[in-house]
> 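First the structure, which I've put down as structure tokens, then a few questions once you've had a look.
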Amino acid sequence: GVDLAAITAASNPARAEAIAQTVLVDAGLLAPDSTEGLEVIASNYNIARPLDQRFQPNVQPLNAVSVRLEREGTLHFAQLIGTRPITSARGIAHADAQVSFSLGSRLASLNAGVVNALLSTLLGSQVSLSLLDYRALADVQVDLFSFLNALGIELGLTALNYNQLLEAEARTGVIAKALAAITNGPVRTIISSLGLTSQGNAIPLDKLVNLGKLGGLQVGSSSQVADLNVSVLELLTAAAALADGTNQVSLGVGANVPGLANLSVDLVIGEPPQGGGWFAIGSAGTVIRTAQIRLRINASLLGGPVLLGAGVHLPLWLDVAHSEAQVASAVCPSPSAPNGSAIINVRPGVLRLGVGELNNQQLHAFGTYPPQTEATLVNVLLLKIRASALVDVGATKTIPLNFSSADIGAATLKTARTSTIVGSLVDSLFSKLTIHVDVLGLGLSSPTVITQALRALLSPLAALLDLVINTLLTILGLGIGEADVRVYGVSCTTPVLVG
């Protein structure tokens with residue numbers, strides 16, 4: 001009875017005592033509502049530790065349960081001369097819950113023109129899709145293991161396991177070809193137009209997917225695994241974000257804003273940190289992280305008469321540190337919760353937006369923030385204007401996201417939000433703008449009037465810059481002070497006695 005109680009409780013260590021008590025009552029070993037002689041301890045069990053250290057009580061993550069029940073024995077022939085002995089039984093059971101989850105998925109709103117420009121560079125192929133094409137790619141789901149099987153065929157790597165396959169690199173054209181092989185109709189046509197005409201850029205597959213213990217399965221054995229369906233567009237954009245790490249993407253962004261002469265954006269995607277990736281399968285403690293993103297934005301505006309008609313040069317930089325998601329705990333599927341449940345701890349990436357010049361070396365220097373220096377906005381014979389500003393959006397602690405069985409079944413996307421700035425990010429930056437005006441000649445307006453004229457010139461630019469920043473981050477699966485997480489499933493090994 002105690003062994004059965006331990007095995008049953010191991011599927012949900014958070015409710016171990018209640019579950020064990022119910023089993024023992026049903027077995028006739030406990031009176032209803034009684035816990036007399038019962039000791040239940042949830043624990044962390046790891047077979048890799050030395051024998052006497054494998055079972056560690058009350059240590060996270062909880063994946064095992066110890067149940068102990070004591071009873072006074074019955075003396076039949078020595079009741080008058082002896083004391084009743086204490087008899088007991090103890091059982092320890094372990095269940096390994098594997099959670100499949102992803103980090104970063106911003107597919108709700110897309111600007112086809114900017115998406116095409118960015119994906120063309122990242123994928124190494126000329127991309128020219130309509131917004132309807134992107135919607136179609138977002139709506140179609142493919143089985144992750146079927147995709148890996150098709151990728152193994154394209155790479156000629158089938159006589160090995162999935163982890164060995166993921167040690168290889170694949171060009172984005174090959175990834176597109178593998179996706180085309182497992183889709184049909186218009187979506188296959190769309191995918192084929194992305195990658196079949198060019199091999200594209202290479203990506204390390206282990207940065208795209210981490211299969212945990214399931215990685216030991218033989219390529220082609222996906223029938224042994226519960227379906228894990230992911231969006232075609234999620235796969236493509238995740239691959240694109242990894243395809244050009246450390247390389248620079250320069251985009252000319254056209255915009256019909258009065259007074260705006262030119263707007264250009266340079267984007268750099270850093271190498272994902274250890275544990276980086278978009279999708280993973282693993283037990284409690286498994287981590288996935290996005291890559292760091294850096295933007296350099298240069299806007300040129302036409303100055304009015306107060307500024308002597310001089311052009312205004314506004315240089316900005318944006319840094320988005322990697323976001324992180326970690327499996328905190330998981331509960332195995334049960335008849336009442338067929339998909340199980342999970343808690344994911346999320347830390348959205350810290351964001352910094354500043355006014356300042358970045359040279360190419362600083363643009364690629366991940367690990368250090370750009371220098372906080374004044375930028376020269378106007379520099380003509382009689383007038384010089386310098387300015388500086390900085391906005392921080394930070395995440396100081398992890399944010400837990402709870403995924404119920406219904407959430408997992410519906411593939412619900414949940415967002416962890418930190419203290420984001422209310423309203424416009426660029427407006428917030430402009431409100432903090434410190435402006436220094438040097439008037440070098442007579443007959444010019446006062447510094448106060450010049451400062452007011454400059455602020456009036458910059459104000460219409462805020463909404464456009466917010467749109468550009470948000471669109472680029474959306475394509476890369478990121479948000480300002482936010483991180484999106486989806487849990488695809490929880491699978492558990494059958495609980496077994498380990499002590």
Side-chain angles (χ1 to χ4, degrees), residues 100 102 105 107 110 115-116 119-120 122-130 132-211 214-244 277-281 411 475 477 486 488-489:
S100 52
S102 66
S105 178
L107 304 178
L110 291 172
V115 178
N116 285 338
L119 292 187
S120 292
L122 295 179
L123 293 173
S125 175
Q126 186 59 45
V127 177
S128 181
L129 301 181
S130 69
L132 289 177
D133 292 334
Y134 284 113
R135 295 293 181 208
L137 294 178
D139 290 341
V140 171
Q141 306 280 313
V142 295
D143 178 71
L144 180 64
F145 284 92
S146 296
F147 161 69
L148 292 176
N149 295 339
L151 189 59
I153 292 173
E154 294 296 334
L155 295 173
L157 301 173
T158 55
L160 32 69
N161 62 39
Y162 289 109
N163 280 341
Q164 291 169 325
L165 171 64
L166 294 175
E167 290 174 0
E169 287 190 346
R171 295 191 176 276
T172 51
V174 176
I175 290 175
K177 194 172 182 180
L179 282 171
I182 59 173
T183 53
N184 50 47
V187 170
R188 171 180 274 188
T189 303
I190 295 169
I191 297 171
S192 298
S193 69
L194 287 172
L196 297 183
T197 59
S198 170
Q199 287 297 295
N201 301 323
I203 72 165
L205 295 176
D206 58 359
K207 294 290 187 182
L208 182 65
V209 175
N210 173 10
L211 296 179
L214 298 182
L217 295 172
Q218 189 77 11
V219 172
S221 62
S222 61
S223 60
Q224 302 175 27
V225 184
D227 288 343
L228 294 173
N229 294 318
V230 297
S231 157
V232 171
L233 186 57
E234 284 181 321
L235 269 173
L236 281 173
T237 54
L242 292 167
D244 224 340
W278 158 75
F279 178 97
I281 301 174
I475 298 166
R486 195 192 312 268
Y488 298 87

> Report yes if the side chains of Leu205 and Leu155 come closer than 4.5 Å at any heavy-atom pair, otherwise no.
yes
> State, to 0.1 Å, how close Glu169 and Ala202 come at their nearest heavy-atom pair, and which atoms those are.
OE1-CB, 3.7 Å
> Just so I know, are the side chains of Leu148 and Leu166 near enough to count as touching, which here means a heavy-atom distance under 4.5 Å?
yes
> Are Leu157 and Val219 side-chain neighbours, meaning at least one heavy-atom pair lies under 4.5 Å?
no
> What are the two closest non-hydrogen atoms of Ile191 and Ala180, and how far apart are they?
CG2-N, 3.9 Å
> Quick one: are Thr189 and Ser192 in side-chain contact, heavy atoms under 4.5 Å?
no
> Backbone N or O of Ala411 within a donor-acceptor pair of the Arg486 side chain at under 3.5 Å?
yes
> Is there side-chain contact between Leu233 and Tyr134, with heavy atoms separated by less than 4.5 Å?
yes
> Can a donor-acceptor pair be found, under 3.5 Å and without considering hydrogens, that links the side chain of Thr158 to the backbone of Ile153?
no
> On a heavy-atom basis, which atom in Ala170 and which in Leu151 lie closest, and how many Å separate them?
CB-CD1, 4.3 Å
> Shortest non-hydrogen contact from Asn149 to Gly220?
OD1-N, 2.9 Å
> Can you tell me how far the CZ atom of Arg171 sits from the NZ atom of Lys177, to the nearest 0.5 Å?
14.5 Å
> So do the side chains of Val142 and Val230 get within less than 4.5 Å of each other, counting heavy atoms only?
yes
> To the nearest 0.5 Å, what is the distance between OG1 on Thr183 and CD1 on Ile190?
9.5 Å
> How many angstroms lie between atom CG of Asp143 and atom CD1 of Ile182, to the nearest 0.5 angstrom?
7.5 Å
> Using the six-membered ring wherever Trp is involved, compare the ring planes of Phe279 and Tyr488 and label them parallel, tilted or perpendicular (cut-offs 30° and 60°).
tilted
> So, for Asn163 and Gly216, which heavy atoms are closest and what is the spacing to 0.1 Å?
ND2-N, 3.9 Å
